[in-house]
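Some notes on the structure that comes next.
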Amino acid sequence: MTTSTSNEVLLIAPVMDNLLARLEAAFVVHRLYEQEDAAAFLAEKGAAFRAVVTRGDIGVETPVLEQLPNLGLIAVFGVGTDAIDLNYTRKHGIAVTITSGALTEDVADMALGLLLATARQLCHNDRFVREGRWLKEAPGLSVQVSGKRLGIFGMGNIGRAIAQRAAGFNMRIQYASRTQDSSLPYRYFPDLLALARESDFFIIAISGGKDSAGLVDKAVFDALPSHALVINIARGSIVNEPDLITALQSGAIAGAGLDVYAHEPEVPAELIAMENVVLQPHIASATQETRQKMSDIVFTNVEAFFNRAPLPHAIE
Ligand code: 8YV
């Protein structure tokens, strides 16, 4: 028989081996992603689970939550909660924890890395050397990064960390976000299209979710100068991907650096075919150091939950 005092944890998707090992040493862990018949498994075992561990990019589907009547915690390996129905968790008193603070620097580093790689054509020129083309022709010219106008869409922790780094490149930093923070020395645009019109580079750093789905669309690409480069380290859902492809194909923008996509791990063939696009497999936070911190935070929160202690990283 299962009771709500059990210490059973449901793992929705694979996590780092050492986190899995720590969880398995301390709790009874079941892996949903390994169940042949997930629905039958949940129908039989669902009431046993008091904690779920999942990833930011995967979240938990609401029909799964509905099979977990004794759930008290969702510990997210990541900061995104866009793949979790927070109305449902609030209504059912389920706490949600995230790995806040752990990944800000890495994601900001990746934003600048993608910007440099796209503008300075690092991947293109790497191929140029490896394929022996340098022996036959001169490399082309790329685009200067330093001193340019950088538009940042979203000025949360990650947006700020990007701005700090861009300041080191003497960029003219400006941003659009829901609210202005007048303590920041950057120009604020209440209107996204106005920001786009004034940006040589445009970095997307807002949170994903229903409110931000498709906000960067044809209107934004048309407003950007045709030499603009678009960088996305946030969520694929924020960008209308077919509009992005059209903008790149038509020359409405000059290039893109992407870590995230609408339907990961699927990446549209059109993007893969483009030389002016740099593609990464959603790895902005994937350094050994940060992933270790994220693992520790997840474990600490699950442990606190089962010890009935305050949750150090609860979101609300
Ligand atoms: C991770 C993320 O890649 O924090 C998030 O929400 O999307 C990323 O940092 C992901 O959660 C782990 O796979």
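Atoms within each ligand, like the ligands themselves, are counted from 1 in listed order.
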For Gly80, atoms of ligand 1 separated by under 4.0 Å from a heavy atom: 4 (O), 5 (C), 6 (O)
Atoms in ligand 1 flagged as close to His282, the criterion being non-hydrogen separation under 4.0 Å: 2 (C), 3 (O), 7 (O), 8 (C)
Derivation and outcome, ring-ring contact (aromatic ring centres under 6.0 Å, His included), residues Tyr175 and Phe189: CA-CA 6 Å; Tyr175 70 104; Phe189 285 81; 8.7 Å; no
Aromatic ring proximity, centroids under 6.0 angstrom, Phe49 and His30: yes
Salt bridge present between Arg172 and Glu198 (N-O < 4.0 angstrom): no
Shortest reach to atom 1 (C) of ligand 1 by a heavy atom, considering only Ser285, Gly56, Gly78: Ser285
Ion pair check, Glu24 and Arg31, cut-off under 4.0 Å: yes
Nearest non-hydrogen protein atom, atom 10 (C) of ligand 1: Asp57 OD1, 3.6 Å
Validation row: Leu32, Leu42 side chains within 4.5 angstrom (heavy atoms): yes
Asp200: partners by side chain to side chain donor-acceptor pair (under 3.5 Å), with sequence neighbours left out: Arg149, His227
Met16 heavy atom under 4.0 Å from ligand 1: no
Salt bridge present between Lys210 and Asp82 (N-O < 4.0 angstrom): no
Proximal ligand 1 atoms for Arg235, defined as those under 4.0 Å from one of its heavy atoms: 2 (C), 5 (C), 6 (O), 7 (O)
Residue and atom name of the nearest protein heavy atom (relative to atom 3 (O) of ligand 1), distance in Å to one decimal: Arg291 NH2, 3.1 Å
Val79: numbered ligand 1 atoms lying under 4.0 Å from its heavy atoms: 4 (O), 5 (C), 6 (O)
Numbered atoms of ligand 1 (with element) below 4.0 Å of Phe77, judged on heavy atoms: 10 (C), 11 (O), 12 (C)
Ligand 1 contact on Leu103 by region, counting heavy-atom pairs under 4.0 Å: side chain
